[in-house]
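Step one of this worksheet: look at the structure below.
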Amino acid sequence: MIEARGLMVFYENMIALNNVTLRCGDEQVVGIFGANSAGKSTLMYALSGIILDIKRKERMRGGERVTVFSEIDYDGEDVSRLKPHERARKGIILCPERRRIFAESSVLENLRIGAYLATKQQAKGTLEYIFSLFPTLERLKDRQGGFLSGGEQQMLAIGRALMAQPKLLLLDEPLLGLAPSIQKDVIRAIKEIRRDRKISIIVTEQYARPVFPIVDYAYILENGSAVMEGEGKELMDNPDVKSAYFGV
Ligand code: ATP
């Protein structure tokens with residue numbers, strides 16, 4: 001469904017993505033694993049198109065710091081030149097790292113903000129779905145985003161992304177900073193979202209262990225390059241991957 005070939009991103013003369021090629025089929029969950037600074041967020045920016053906004057802002061400041069080469073086919077169409085909102089309209093929705101919740105707005109308002117691409121009916125149905133997926137959010141619907149715990153904020157960020165009616169959901173480090181029991185809830189939710197909404201999901205993480213059981217295919221990023229890829233079990237049995245990403 002989405003296939004990116006030869007993605008290259010430079011910040012000044014530093015290479016953040018080096019010739020990365022990846023694929024995510026319909027209703028698949030694909031994992032991208034890599035250490036700090038491996039390029040995970042940059043990859044999400046390249047797929048969602050946000051990298052083009054970053055580049056444009058840099059240019060407005062008078063610099064040509066960001067260079068992007070990308071070839072991205074999505075549902076049979078080349079989307080690599082489309083702006084982020086145009087990609088969003090086609091169903092490519094990013095749930096960014098560190099959640100970016102609107103702290104002053106309530107849970108419900110945060111969710112409604114996400115519904116900018118949804119019809120009234122879609123918004124209503126999706127809201128019901130989100131509350132069934134995360135009953136905590138329904139209980140807290142009038143609370144300000146800034147007063148939620150990390151786990152609740154992550155649920156809200158995922159909910160807000162769902163309100164935008166994704167066909168391809170990009171989750172950038174959704175487990176970051178969460179306690180293991182909350183991580184389990186988020187993983188369960190990702191699995192259910194794929195099953196119930198029949199969408200594709202690309203998820204990045206530093207540590208592979210909690211996410212591995214739900215991914216169909218995974219890539220390992222190191223210093224901007226995809227150094228290894230394979231189906232879950234295949235990668236898990238690889239001793240290098242084990243020691244670097246599973247802590248065994
Ligand atoms: P983390 O787990 O820390 O979020 P990451 O795998 O998401 O890391 P990126 O955020 O994509 O990695 O960063 C890749 C590299 O690019 C890093 O060395 C980072 O310092 C650099 N970088 C990211 N954004 C910019 C920017 N706007 N300008 C300059 N360098 C950047």
Side-chain angles (χ1 to χ4, degrees), residues 1-25 28-59 61 63-75 77-84 87 92-98 168-176 200-209 211-212 215-232 234-247:
M1 177 205 214
I2 193 162
E3 188 172 350
R5 288 181 297 272
L7 293 182
M8 307 274 285
V9 174
F10 297 84
Y11 296 114
E12 211 116 29
N13 53 7
M14 196 215 72
I15 189 157
L17 282 186
N18 187 2
N19 200 17
V20 171
T21 289
L22 67 87
R23 203 180 163 279
C24 177
Q28 267 197 334
V29 178
V30 165
I32 312 282
F33 303 110
N36 270 330
S37 297
K40 302 182 295 298
S41 296
T42 303
L43 178 58
M44 293 308 217
Y45 294 155
L47 295 175
S48 59
I50 285 169
I51 196 72
L52 301 179
D53 267 0
I54 297 174
K55 183 179 156 76
R56 192 171 46 82
K57 279 185 196 139
E58 289 288 346
R59 194 180 296 141
R61 286 198 201 108
E64 276 294 344
R65 284 193 344 114
V66 183
T67 313
V68 183
F69 298 103
S70 64
E71 216 176 290
I72 305 171
D73 280 338
Y74 171 72
D75 269 352
E77 185 191 352
D78 176 8
V79 295
S80 55
R81 274 168 197 72
L82 295 188
K83 300 197 171 86
R87 295 190 207 184
I92 303 178
I93 303 293
L94 173 66
C95 181
E97 190 186 331
R98 298 187 195 283
L168 171 64
L169 179 60
L170 306 173
L171 295 173
D172 197 5
E173 297 200 51
L175 305 184
L176 191 71
S200 310
I201 299 172
I202 300 181
V203 53
T204 73
E205 268 310 322
Q206 203 162 335
Y207 300 105
R209 185 185 287 282
V211 188
F212 240 80
V215 303
D216 299 299
Y217 201 81
Y219 297 83
I220 308 283
L221 265 192
E222 263 177 37
N223 298 320
S225 298
V227 292
M228 249 181 277
E229 61 175 90
E231 285 176 11
E234 214 177 294
L235 278 186
M236 227 158 146
D237 290 343
N238 182 308
D240 291 336
V241 175
K242 249 190 191 159
S243 62
Y245 299 98
F246 288 94

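One is the number of the first residue; the rest follow in order along the sequence.
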Do side-chain atoms of [X] reach the backbone of [Y] as a donor and acceptor pair under 3.5 angstrom?
X	Y	value
Lys40	Thr204	no
Ser48	Leu94	no
Tyr219	Val227	no
Arg87	Ser80	yes
Ser200	Gly25	yes
Glu222	Ala38	no
Asp216	Val29	yes

Between Glu58 and Arg56, does any NZ, NE, NH1 or NH2 come within less than 4.0 Å of an OD or OE carboxylate oxygen? no
Determine whether Tyr207 and Phe33 satisfy the following criterion, ring pair (Phe, Tyr, Trp, His ring centres under 6.0 Å), listing intermediate values before the conclusion. CA-CA 7 Å; Tyr207 300 105; Phe33 303 110; 9.9 Å; no
Side-chain H-bond candidate by donor/acceptor type, [X] with [Y], under 3.5 Å:
X	Y	answer
Ser41	Glu97	yes
Tyr11	Thr67	no
Gln28	Tyr217	no

